[in-house]
Structures are given as C-alpha cells and as structure tokens.
Chemist: 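My questions will all concern the structure given below.
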Amino acid sequence: MAESPPPVLAGFDPNAAIRMIVGFGHNGALGARYVGHGGDWVELALDYRTELVGDIASGVLASGPIVALMDMATSISVWIKRGAFQPQATLDLRIDYLRAAIPGRTVVGRGECYRLTRRVAFVRGQAHDGDPADPIAHVAATFMMTDAQ
Amino acid sequence: MIGVGRLTLPPYADFLGVTAARDTDGAPLFKLGFSDVVVGRPGFLHGGAIAGLLEIAAIGTVLDALEDEPGTSAKLITVTVDFMRGGRPRDTFAAAKVTRLGARIANVEAFAWQDDREKPIAGARMNVMLRRG
C-alpha cells in the first residue's frame with residue numbers, strides 16, 4: 001500500500017518491532033502477517049482458518065480474531081506515530097460489522113493513529129477481505145499510556 | 001462441561017480454550033483457560049482473546065435464551081469493549097445478560113472476571129442480529 005518507503009524513525013524500527021509483536025502469544029497463534037506501514041498506520045493480514053470460525057453453519061470467522069487483528073494493528077500504529085515503543089493498554093474498542101467476511105478469504109486490517117497525546121492515543125481502522133472499498137468492519141479505539149505520569 | 005442445552009460452542013472457542021457450564025442458578029457460565037494462545041504482552045492476556053471470550057459468552061447466552069427455537073442464528077452487529085484491568089495468567093470467567101430480546105435484535109451485556117466477579121477485567125455491550133429459525 002505504501003507508495004514511498006516508510007520514514008526511518010529514530011530509536012524505533014517498525015519492521016523489527018512488528019515482526020516481534022505479530023509472532024508472539026495470541027497474535028502468533030492467530031497467524032497474523034505484516035503487510036505494510038506508513039507514518040501513522042500499519043496493515044496486517046489474517047488468513048482464513050476453520051479453527052477461527054464462529055458460526056459452523058455459515059463458516060464465517062468469529063468476531064474475536066478480527067478484534068485481535070484490529071487491536072494489534074491500531075496498537076502498532078501508535079508506536080509508529082510516536083516513533084518509540086511505550087507500554088499501553090487498550091481502554092475501549094468499538095467494532096461495527098458492516099458485513100460478514102466471506103469464508104476462505106484473507107482479512108486485511110488497517111490501523112491508524114489519528115491523534116496522540118502524552119497519556120492517550122486515539123485510533124481507528126477498517127478491515128476488508130479483498131477490496132478496501134467494501135470493508136467488513138470499522139473500528140474506533142483508545143489506548144492509555146500505562147507509564148505516563 | 002459442554003453441550004448443555006444449546007451451549008454448543010464454535011471452533012473458535014476450542015482455539016481459545018473456552019468451555020461452557022452453568023452456574024448454580026442455571027445461567028450459562030464460560031471459562032477461558034490460560035495458555036500461550038491467549039497471551040498479549042508478556043504476563044497479560046491479549047485484549048482480542050478477552051473480547052473473544054465476551055463474544056462467545058454473549059452469543060452462547062442469546063442462543064440459550066432461544067433454546068426452544070432451534071435454527072435461530074445470532075450475528076454481532078456492534079461490539080463495544082471496555083478493558084478495566086489487565087488480565088493475568090490464570091483462568092478467566094465470563095457471563096452475559098440479555099437486556100432485551102426482540103424479534104430481530106438482542107441487546108446483550110457481557111462481563112469477564114478472574115478472582116472476583118465484583119472486579120471485572122472487561123465488559124462489553126453488543127447488538128446482536130437474530131434470524132429466527
């Protein structure tokens with residue numbers, strides 16, 4: 001998605017950080033992949049897997065994996081915008097499901113940090129399953145910096 | 001622990017490690033066992049795993065309330081999660097309350113806790129679309 005090479009950030013290597021984050025724990029178990037990033041956004045992808053299905057009859061993915069993907073993408077977008085890793089916790093997250101993801105398709109989630117203060121980060125994002133113009137979900141969330149005074 | 005009435009859980013519940021039972025009042029009660037699969041930052045549960053547990057509790061409780069209407073499907077339209085405390089590496093429980101059960105929409109609240117039910121680690125409000133069977 002990035003038309004030009006992402007900016008080099010002092011003291012924070014987004015590529016290395018993202019590789020570490022997406023391969024660990026719950027993110028690693030889901031199997032999320034890095035797609036691309038810019039100055040205040042990141043895109044991750046989640047391949048379809050039958051063990052992540054929430055409704056057996058339709059084969060549609062559960063909500064949880066999409067929330068996890070978007071939580072991860074929006075989290076990383078904060079560190080990219082700040083240019084540093086700082087411990088943070090999700091304060092709240094709202095997700096609207098615009099339509100069901102089509103079974104078998106890879107879900108791509110884009111998280112963007114659109115406002116950053118010393119203690120709070122405001123993020124938004126969308127997920128799609130092939131066409132960014134036909135999204136499956138919209139997310140708005142806030143993070144709190146757990147180390148901020 | 002599983003398969004009480006319509007408390008049959010989806011594949012995603014097995015992936016996370018969620019099981020279902022009933023509390024002493026007969027209300028559905030859900031448990032997320034701790035494992036590497038649910039770790040976020042080291043030493044804490046991932047917000048996505050907690051949201052997953054709340055979702056499973058909400059949908060499971062709605063379908064349980066519609067037990068006499070087999071074939072009904074319940075799909076999430078909106079989910080708003082508040083994360084109140086960090087989830088620690090131990091069992092997490094969840095229960096949901098259907099605040100309104102309409103013909104097409106159910107409004108559901110779900111809470112997750114660890115040691116003390118009065119100290120939730122997360123809560124969620126969900127709008128669920130019903131397709132009656």
Side-chain angles (χ1 to χ4, degrees), chain A residues 20-32 44 46 49-75 85-101 109 136-144 146, chain B residues 8-18 32 34-60 63 70-87 89 121-129 131 133:
Chain A
M20 190 185 74
I21 293 159
V22 300
F24 179 78
H26 188 56
N27 299 335
L30 286 172
L44 305 176
L46 181 67
R49 287 163 64 189
T50 51
E51 57 192 314
L52 301 181
V53 163
D55 179 40
I56 300 170
S58 64
V60 171
L61 288 178
S63 160
I66 314 280
V67 172
L69 181 75
M70 299 312 292
D71 184 68
M72 200 186 329
T74 51
S75 276
F85 177 86
Q86 191 176 356
Q88 62 189 12
T90 318
L91 195 57
D92 85 324
L93 183 148
R94 150 125 184 182
I95 186 160
D96 292 350
Y97 288 100
L98 311 177
R99 64 175 177 81
I136 60 167
H138 179 271
V139 168
T142 51
F143 292 95
M144 209 183 65
T146 50
Chain B
T8 307
L9 304 183
Y12 174 59
D14 290 336
F15 169 82
L16 276 185
V18 175
L32 171 67
F34 179 78
S35 74
D36 283 348
V37 167
V38 298
V39 174
R41 62 195 156 108
F44 291 91
L45 296 186
H46 194 293
I50 298 170
L53 169 66
L54 292 168
E55 161 203 348
I56 291 164
I59 298 283
L63 291 178
T72 297
S73 73
K75 295 195 174 93
L76 292 167
I77 309 171
T78 71
V79 180
T80 308
V81 189
D82 286 320
F83 296 97
M84 303 163 192
R85 293 176 175 86
I121 63 165
R125 208 168 51 74
M126 308 185 204
N127 291 289
V128 182
M129 184 152 60
R131 197 150 288 157

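All values below were derived from every heavy atom in this structure, side-chain atoms included, with hydrogens, water molecules and symmetry-related copies excluded. Chain letters run A, B, ... following the sequence lines, proteins first, then strands; residues in each count from 1.
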Chemist: Taking all heavy atoms of B/Leu76 and all of A/Tyr97, pick out the closest pair and write down the distance.
Modeler: O-CB, 3.7 Å
Chemist: Looking at B/Ala51, B/Ala13, B/Gly86, B/Pro42, which one has more heavy-atom pairs under 4.5 Å with chain A than the rest?
Modeler: B/Pro42
Chemist: Side chain, backbone, both or neither: which part of A/Ile56 has a heavy atom under 4.5 Å from chain B?
Modeler: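 Only the side chain of A/Ile56 comes within 4.5 Å of chain B.
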Chemist: What option among B/Thr80, B/Asp82, B/Val79 has the most heavy-atom pairs under 4.5 Å with chain A?
Modeler: B/Val79
Chemist: Looking only at heavy atoms and a cut-off of under 4.5 Å, which of A/Asn27, A/Ile21, A/Val67 has the most pairs with chain B?
Modeler: A/Asn27
Chemist: Using non-hydrogen atoms and a 4.5 Å limit, figure out which bit of A/Asp96 sits close to chain B: side chain, backbone, both or neither.
Modeler: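 Both backbone and side chain.
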Chemist: Which heavy atom of B/Glu55 sits nearest a heavy atom of A/Ser63, and at what distance?
Modeler: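 That would be OE2-N, 3.0 Å.
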Chemist: Does A/Glu51 use its side chain to pair, donor to acceptor, with the backbone of B/Phe15 at less than 3.5 Å?
Modeler: no
Chemist: Measuring heavy-atom distances to chain B, does A/Arg99 have an atom under 4.5 Å in its side chain, in its backbone, in both, or in neither?
Modeler: neither
Chemist: Among the options A/Ile66, A/Leu69, A/Thr50, A/Leu30, pick out the one with the most heavy-atom pairs lying under 4.5 Å from chain B.
Modeler: A/Leu30
Chemist: Can you give me the closest heavy-atom contact between A/Leu93 and B/Phe83, atom names plus distance?
Modeler: CB-CE1, 4.3 Å
Chemist: Scan B/Asp36, B/Val39, B/Leu16, B/Leu45 and name whichever one has a side chain to side chain contact (heavy atoms under 4.5 Å, CB included) with A/His26.
Modeler: B/Leu16
Chemist: Against chain B, label A/Pro65 side chain, backbone, both or neither, depending on which of its atoms sit under 4.5 Å from a heavy atom there.
Modeler: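 Its backbone and side chain both get close to chain B.
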Chemist: At a heavy-atom separation under 4.5 Å, does A/Ser75 approach chain B through its side chain, its backbone, both, or neither?
Modeler: neither
Chemist: Minimum heavy-atom separation for A/Gly54 to B/Pro10, with atom names?
Modeler: O-CB, 3.1 Å
Chemist: Can you tell me which of B/Val38, B/Ile50, B/Ile56, B/Ile77 forms the most heavy-atom pairs within a distance under 4.5 Å of chain A?
Modeler: B/Ile77
Chemist: Given that the side chain runs from C-beta out, which part of A/Leu61 has a heavy atom under 4.5 Å from chain B: side chain, backbone, both or neither?
Modeler: neither
Chemist: If I compare all heavy atoms of A/Val53 with all of B/Pro11, which pair ends up nearest, and what's the gap?
Modeler: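 Heavy-atom minimum between the residues: O-CD, 3.4 Å.
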Chemist: Run the side-chain contact (heavy atoms from CB on, under 4.5 Å) check on B/Tyr12 and A/Leu52 step by step: do they pass?
Modeler: CA-CA 4 Å; B/Tyr12 174 59; A/Leu52 301 181; 4.3 Å; yes
Chemist: For each of A/Gly64, A/Ala137, A/Ala68, tally heavy-atom pairs with chain B at distances under 4.5 Å, and name the one with the top tally.
Modeler: A/Gly64
Chemist: Take a 6.0 Å sphere around CZ of A/Arg94 and say whether it holds more than 12 heavy atoms from other residues, nucleotides or ligands.
Modeler: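 Atom CZ in A/Arg94 is packed in, count exceeds 12.
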